[in-house]
There are 2 protein chains.
Amino acid sequence: MKSEQKPQDIEQTLISRLRDKGYKLTPQRREIIRILARDESHPGAMDILREVRKILPRISMSTVYYTLDMLKKEGFIKELEFYDTENRYDINVSDHINLVCTTCGKITDFMSDVHSFSESVEKETGFRPARMRFEYYGICRNCAGRNGR
Amino acid sequence: MKSEQKPQDIEQTLISRLRDKGYKLTPQRREIIRILARDESHPGAMDILREVRKILPRISMSTVYYTLDMLKKEGFIKELEFYDTENRYDINVSDHINLVCTTCGKITDFMSDVHSFSESVEKETGFRPARMRFEYYGICRNCAGRNGR
DNA sequence: TTCATAATCGGAATGATTCCTACTTATAGG
DNA sequence: CCTATAAGTAGGAATCATTCCGATTATGAA
């Protein structure tokens, strides 16, 4: 369920990959990356802003969006949109299913071989899948436990 | 791939179900439903407004949203959100995969037994899936053909 | 240390959606 | 057929996440 790598490793890999690509490593970026690597709840832009401001109180929302955009374009994070809440960002870019709890809002990853459909889709329809987005909305174990069953 | 029923049947079923539930059948509603039943491209609210205005030029955006909301709450349509475009509405409420063409923007339905993951998710994580959203983003047959391969 | 330019900041603009209020109309019952 | 009334509609204002813009700042290469 969890990422294979430790947060620190993810963070370091990302930073050196950005350096290689010629991006400037500002304190703002380092902090945003640190949070993305550690926060497993798939934070939104505002969550990230709040969190970064604990360290860098003057960071602006523009910078958060600018950085998220850059990371997205480089394929380091995934952006997810939902029905009734802001976009969320996921550092796990491998194909997986997101389990979205409709009670507490937490999103967890479910790794699995999710490629089984891909082939039959292409064979039957001619549509060529490039990327996917699979989600289940429901009640997580935690929330189910709390309300009896 | 296509719905099992004819557009006219879907339309009539929906209308009589609304009547049974005590909803008023205004011309605006009839027209919105007519479009949803016939338009297989999963139109957005603005598409629907434009289309309805050909018949009812004075219909407002509020009415479109109000009606879509009502249909959504009653479970007659599904609302879909995407990365870079407005919400889209789907009269196919059964579980299926949406194939989103990133070239032309068309969305088609892929019916299939998409419940295979549901059980293992619950077994392995304790998360109880209620509804799902599976999407592939890629190139549809039409667009692939146009560009050589 | 200097410099070019990418990154940051703050605020304004955007655009889909929601909300609000007054007006209109579909339906049920007389 | 008429009327009452609650539901529906229109139009515009408000909201809010996101994008855009111009001015300022600071990273990293020379």
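Throughout, protein chains are lettered first and strands after them, A, B, ... in sequence-line order, and every chain is numbered starting at 1. Computed from a prediction, not measured in an experiment: that's the story for all the values here.
- The nearest pair of heavy atoms linking A/L49 to A/M61 is CD1-N, 3.8 Å.
- Side chains of B/E135 and B/N98: no donor on one and acceptor on the other come within 3.5 Å.
- Comparing A/V64 and B/M61 against DNA chain C, the residue whose closest nucleotide sits nearer the 5' end is A/V64.
- A sub-4.0 Å separation between OP1 or OP2 of C/dT17 and a side-chain N or O of B/N87 is present.
- With hydrogens and angles left out, the side chain of A/S60 and the base of C/dG11 share no donor-acceptor pair within 3.5 Å.
- Nucleotide D/dA17 holds its C1' atom 13 Å from the CG atom of A/L68, rounded to whole Å.
- Straight-line distance from the CZ atom of B/R50 to the C1' atom of C/dA16: 13 Å, rounded to whole Å.
- Note on B/Y65: a side-chain N or O is less than 4.0 Å away from OP1 or OP2 of C/dT17.
- The base of D/dG8 does not come close enough to the side chain of B/T63 for any donor and acceptor atom to sit less than 3.5 Å apart.
- Dashed line: the shortest gap from a side-chain N or O of A/T67 to OP1 or OP2 of C/dA7 is not under 4.0 Å.
- Look at CE on A/M46: it is 9 Å from C1' on D/dC16, rounded to the nearest Å.
- Looking at A/H42 and A/L80, their side chains come closer than 4.5 Å, going by heavy atoms from C-beta outward.
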Decide salt bridge (charged side-chain N to carboxylate O under 4.0 Å, His left out) for A/R38 and A/E11; before the verdict, give the C-alpha distance in whole Å, the side-chain angles of both, and the deciding distance to 0.1 Å.
CA-CA 8 Å; A/R38 274 153 228 274; A/E11 191 182 336; 2.4 Å; yes
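- The distance between atom CG of B/D47 and atom C1' of C/dG15, rounded to the nearest whole Å, is 15 Å.
- The minimum heavy-atom distance between B/V100 and A/F127, with the atom names listed, is O-CZ, 3.4 Å.
- Between the P atom of C/dA16 and the CZ atom of B/R88 lies a distance of 13 Å, rounded to the nearest Å.
- Between B/R58 and B/K24, the residue whose closest nucleotide on DNA chain D is further toward the 5' end is B/K24.
- One interatomic measurement links the two molecules: CD of B/E31 to P of D/dA10, which rounds to 12 Å at whole-angstrom precision.
- Taking the six-membered ring for Trp and the full ring otherwise, the centers of A/F117 and B/F117 sit less than 6.0 Å from each other.
- Within the structure, a side-chain polar atom (N or O) of A/R29 is placed less than 4.0 Å from OP1 or OP2 of C/dT8.
- For B/Y66, a side-chain nitrogen or oxygen approaches OP1 or OP2 of D/dG8 to under 4.0 Å.
- With 3.5 Å as the limit, one finds a donor-acceptor pair spanning the side chains of B/N92 and B/S94.
- The interatomic distance linking A/E86 (CD) with C/dT17 (C1') rounds to 15 Å, in whole Å.
- Residue B/Q28 has a polar side-chain atom (N or O) positioned under 4.0 Å from OP1 or OP2 of D/dA10.
- When all heavy atoms of B/L36 and B/P43 are compared, the pair lying nearest together is CD2-CG, 4.4 Å.
- The nearest whole Å value for the distance from the CZ atom in A/R19 to the C1' atom in C/dA6 is 16 Å.
- Between the side chain of A/S62 and the base of C/dG10 there is at least one donor-acceptor pair of N/O atoms closer than 3.5 Å.
- Across its full length, the helix from C/dT1-D/dA30 to C/dG30-D/dC1 shows an angle of 40° between the axes of its 5 terminal pairs at either end, rounded to 10 degrees.
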